[in-house]
Amino acid sequence: YQRRVHGAEYMGQQKMRGILCIAGGMVSHMILGCIYLYGGISLYLVSYYKQYDSTVTTRFLITFLPMRGLMVFFCMPYGAALEKKYGAQLTTLLTGIIVVVCAIALVFTTNKYCFLLFYSAAFGLSTINYMPPIMCAWKHYPMNRGTVTGVIMAGFACGSLLFTYLTSMIVNPDDVKPIQEIHNGVAQYFFEKKVAQNVPRMFAFLGVFWGVMITFSYFTLLPPVIEVSPALGLEDRHDSILLSQCLDSEAPKRIARRFTMPDVYFVETQSLECPSVESGISSTVFWQLLGMLSIATTVDFLFTLSYKEIGILNNHGDSFLTLVGSLSAVLNGAGRIIWGRLIERIPFKKLYSFLLLGQTLLPITLPYIAFNRYTFGLWVMCTIFCTAGTFTIFPPLAANIFGVNFGGQIYSYLTSSFALAAIILFFANQLILPSLGYNNLLMVAGLMSGINYIILYMLNNKPTWPIQGVSLKKGQPYCTNDKKEPLVGKMELKELAKVTNNPEAAPRTQSY
């Protein structure tokens, strides 16, 4: 249809913009992937700041987790709102500038408290760019939201893997081993000065590299040539489209009823499109999704905290654990694309039930098979693969439940679960871990995943929203937005009945 109306030139521009948008989104999410960089550079940071303050330990620097969690909690919801008001390009650029400034500030920071401030700000503010690239890609591919979400989020996993290796090459190019020191009967590891002094160079590299990536994203996160209706995936300005040919099964369905009034018809709209952000947040389904995401994110963080230590306790070498982590990162990226494709073909409850089975059983059984390096590596990679699915299928689910008009904004509030999980991880590391140990901590993580089965059973992922009505005089076009612009021109109720799959309305057709 678009080729017939706009011509081949339009199709070429539209396709190229869509491809560039996905590429820019992937690059933007690669920066977000650095949120997991701390695990790979923590010893470098402790060794560097210990030169200026002898009280610095790994336990102190991990306090950045709740600080980053609070930054994520307050910053991430603004991403979707800024995208709707200013667009993905400007939102990405402004946020990226702030992140780069924080990274450059870390080059000159020697105080441990200033480090916590700038480091938390850099990775907390960067999460503003979580939803804008995805929402921009949804405009290009309204019928393939799951796939484009998975492809863009693959950049998240790739960024974590890429920057872990790059920072190691910059700070410790000679692969110098850390030195063991005993403090209060506890063994701690630090790098010597010639390694630690490279930390400012690492932050300078990150600042420059991020700046280049943000610039690329700014020029590639282009909106569609013709704006697509967020609710229906249709071009608002063309009223000759027969809606029944364009709506998919998940798009909002509008039920029309005609009242016997002289020359005046009243159209009720019973829509699957959430009428506002406030209505979505106050709904039961929002809090059910928030609970499920909070549990899933907490399980992911607990597993990430535990599996390396369990590997060390079972005498697996550092090189082997690094290999497992690298393969898991690759599988994490590929898994996001796979899960994105699956959510478009398999109903959410069936797909997530299968995913929860892995997230429940794998962490519980890991301590019992960890003695064998091959089964240990397989269990870790399968768990990371399931985790990738959780973060991939929920954004398109939010778009289907709340509608793409407000789904992105509402999902940005659901991401507050990341902050809750970070705070829970901090207290688990400080209070629960010393008494339970890593094996029992994974047992708790698996049981937490089992709770999601109960929430999933109660979840209504196809809710209805408040009915809105408009009165139409005979011959007046049907209007759906605040500007009273016509979505379709003069149209028979017979055609509208086809859209709603309501054949009973067909005999009472009359033009309006």
Participant: Taking the side chain as everything from C-beta on, heavy atoms only, tell me whether Ile134 gets closer than 4.5 Å to Val148.
Facilitator: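 No, their side chains stay 4.5 Å or more apart.
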Participant: Within the 4.5 Å heavy-atom criterion, are Leu366 and Trp379 side-chain neighbours or not?
Facilitator: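 Leu366 reaches Trp379 side chain to side chain.
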Participant: Quick check on the 6.0 Å ring-centre criterion: do Phe205 and Phe209 meet it?
Facilitator: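 Centroid separation for Phe205 and Phe209: below 6.0 Å.
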Participant: Is the side chain of Arg341 donor-acceptor paired with the backbone N or O of Ile337 at a distance under 3.5 Å, no angle test?
Facilitator: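 Checking the backbone N and O of Ile337 against the side chain of Arg341, no donor-acceptor pair under 3.5 Å is found.
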Participant: For Tyr86, does the OH atom have more than 12 heavy-atom neighbours from other residues, nucleotides or ligands under 6.0 Å away?
Facilitator: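 For Tyr86, atom OH is not crowded (no more than 12 foreign heavy atoms under 6.0 Å).
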Participant: When rounded to the nearest 0.5 angstrom, what distance separates CZ in Phe156 from CD1 in Ile31?
Facilitator: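 Taking CZ in Phe156 and CD1 in Ile31, the distance rounds to 12.0 Å.
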Participant: Taking atom types as modelled, find out whether Arg145 and Asn400 have a side-chain donor-acceptor pair closer than 3.5 angstrom.
Facilitator: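 Their side chains do contain a donor-acceptor pair, which is all the 3.5 Å distance test asks for.
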Participant: Which heavy atom in Gly280 sits nearest to a heavy atom in Phe286, and how many Å separate them?
Facilitator: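 That would be O-CB, 3.1 Å.
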Participant: Under 3.5 Å, side chain of Thr360 to main-chain N/O of Leu357, donor-acceptor pair present?
Facilitator: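 No, because the side chain of Thr360 does not come within donor-acceptor range (under 3.5 Å) of the backbone of Leu357.
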Participant: Would you please indicate if the ring centroids of Phe394 and Phe348 are separated by under 6.0 Å?
Facilitator: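 For Phe394 and Phe348, the ring centres are under 6.0 Å apart.
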Participant: For the residue pair Ser126 and Thr95, what are the closest heavy atoms and their distance?
Facilitator: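 In this case the closest contact between Ser126 and Thr95 is CA-CG2, 4.4 Å.
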Participant: Taking all atoms of both residues into account, what is the closest heavy-atom pair of Gly408 and Met135, and its distance?
Facilitator: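 Nearest heavy atoms, Gly408 then Met135: CA-SD, 4.0 Å.
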Participant: Would you say the ring centroid of Trp339 lies under 6.0 angstrom from that of Phe385?
Facilitator: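 Centroid separation for Trp339 and Phe385: below 6.0 Å.
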Participant: Without swapping roles, check the side chain of Tyr130 against the backbone of Gly79 for a donor-acceptor pair under 3.5 Å.
Facilitator: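 Here the side-chain-to-backbone pair does not exist.
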Participant: Please report the shortest heavy-atom distance between Thr298 and Ser294, naming the atom on each side.
Facilitator: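 In this case the closest contact between Thr298 and Ser294 is OG1-O, 2.7 Å.
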Participant: If you round to the nearest 0.5 Å, how far is CG of Leu289 from CG of Leu414?
Facilitator: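 These two atoms lie 5.5 Å from each other.
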Participant: Determine whether Ile384 and Leu331 make a side-chain contact, defined as any pair of heavy atoms from C-beta on separated by less than 4.5 Å.
Facilitator: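 Not in contact.
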Participant: To the nearest 0.5 angstrom, please state how far the CG atom of Leu459 sits from the NZ atom of Lys349.
Facilitator: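 Rounded to the nearest 0.5 Å, the CG-NZ separation comes out at 5.5 Å.
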Participant: Would Gln288 and Val285 count as a side chain to side chain contact (heavy atoms under 4.5 Å, CB included) if you check the C-alpha gap in whole Å, the side-chain angles of each, and the deciding distance to 0.1 Å?
Facilitator: CA-CA 5 Å; Gln288 289 173 332; Val285 67; 4.3 Å; yes
Participant: Do the side-chain N and O atoms of Ser276 and Ser279 include a donor-acceptor pair separated by under 3.5 angstrom?
Facilitator: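 Side chains of Ser276 and Ser279: pair found under 3.5 Å.
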Participant: Could you tell me if Gln359 and Thr390 have a donor-acceptor pair between their side chains, going purely by distance under 3.5 Å?
Facilitator: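 Yes.
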Participant: Look up atom SG in Cys136 and atom CG in Leu221, then write down how far apart they are to the nearest 0.5 Å.
Facilitator: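 One finds 5.5 Å between SG of Cys136 and CG of Leu221.
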Participant: As a quick check of understanding, evaluate side chain to side chain contact (heavy atoms under 4.5 Å, CB included) for Thr92 and Tyr218, giving each step before the final call.
Facilitator: CA-CA 6 Å; Thr92 300; Tyr218 172 75; 5.8 Å; no
Participant: Is any side-chain heavy atom of Tyr352 closer than 4.5 Å to one of Met292?
Facilitator: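 A side-chain contact exists here, since the closest heavy-atom pair is under 4.5 Å.
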Participant: Might you work through the side chain to side chain contact (heavy atoms under 4.5 Å, CB included) test for Ile128 and Thr91, ending with a clear yes or no?
Facilitator: CA-CA 8 Å; Ile128 293 178; Thr91 301; 4.2 Å; yes
Participant: Measure the CH2-CD distance between Trp138 and Glu83 for me, rounded to the nearest 0.5 Å.
Facilitator: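 Here the interatomic distance stands at 10.0 Å.
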Participant: From Lys15 NZ over to His140 NE2, what is the distance, rounded to the nearest 0.5 angstrom?
Facilitator: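 It is 14.0 Å, given to the nearest 0.5 Å.
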Participant: Is there a donor-acceptor pair under 3.5 Å between the side chain of Ser217 and the backbone N or O of Gly24?
Facilitator: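 Such a contact is found between Ser217 side chain and Gly24 backbone.
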Participant: Find out whether Trp210 and Val99 are in side-chain contact, i.e. whether some heavy atom of one side chain is under 4.5 Å from a heavy atom of the other.
Facilitator: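 In contact.
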Participant: Could you walk me through whether Thr215 and Leu93 pass side chain to side chain contact (heavy atoms under 4.5 Å, CB included), step by step?
Facilitator: CA-CA 7 Å; Thr215 303; Leu93 179 63; 5.8 Å; no
Participant: Under a 4.5 Å cut-off applied to non-hydrogen side-chain atoms, are Ile451 and Leu447 in contact?
Facilitator: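 No; the side chains remain at least 4.5 Å from each other.
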Participant: Looking at every non-hydrogen atom in both residues, tell me the closest pair between Ala80 and Ser412 and how far apart they are.
Facilitator: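 Distance-wise, the nearest heavy atoms are CB-OG, 3.9 Å.
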Participant: Please tell me if the side chains of Leu222 and Cys21 come closer than 4.5 Å, counting only heavy atoms from C-beta onward.
Facilitator: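 No. Closest side-chain heavy atoms not under 4.5 Å.
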Participant: Given side chains that start at C-beta, do those of Ile343 and Leu351 come closer than 4.5 Å, heavy atoms only?
Facilitator: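 In short, these two side chains touch, coming nearer than 4.5 Å.
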Participant: Asn452 and Gly291: which non-hydrogen atoms are nearest, and at how many Å?
Facilitator: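 Nearest heavy atoms, Asn452 then Gly291: OD1-O, 4.1 Å.
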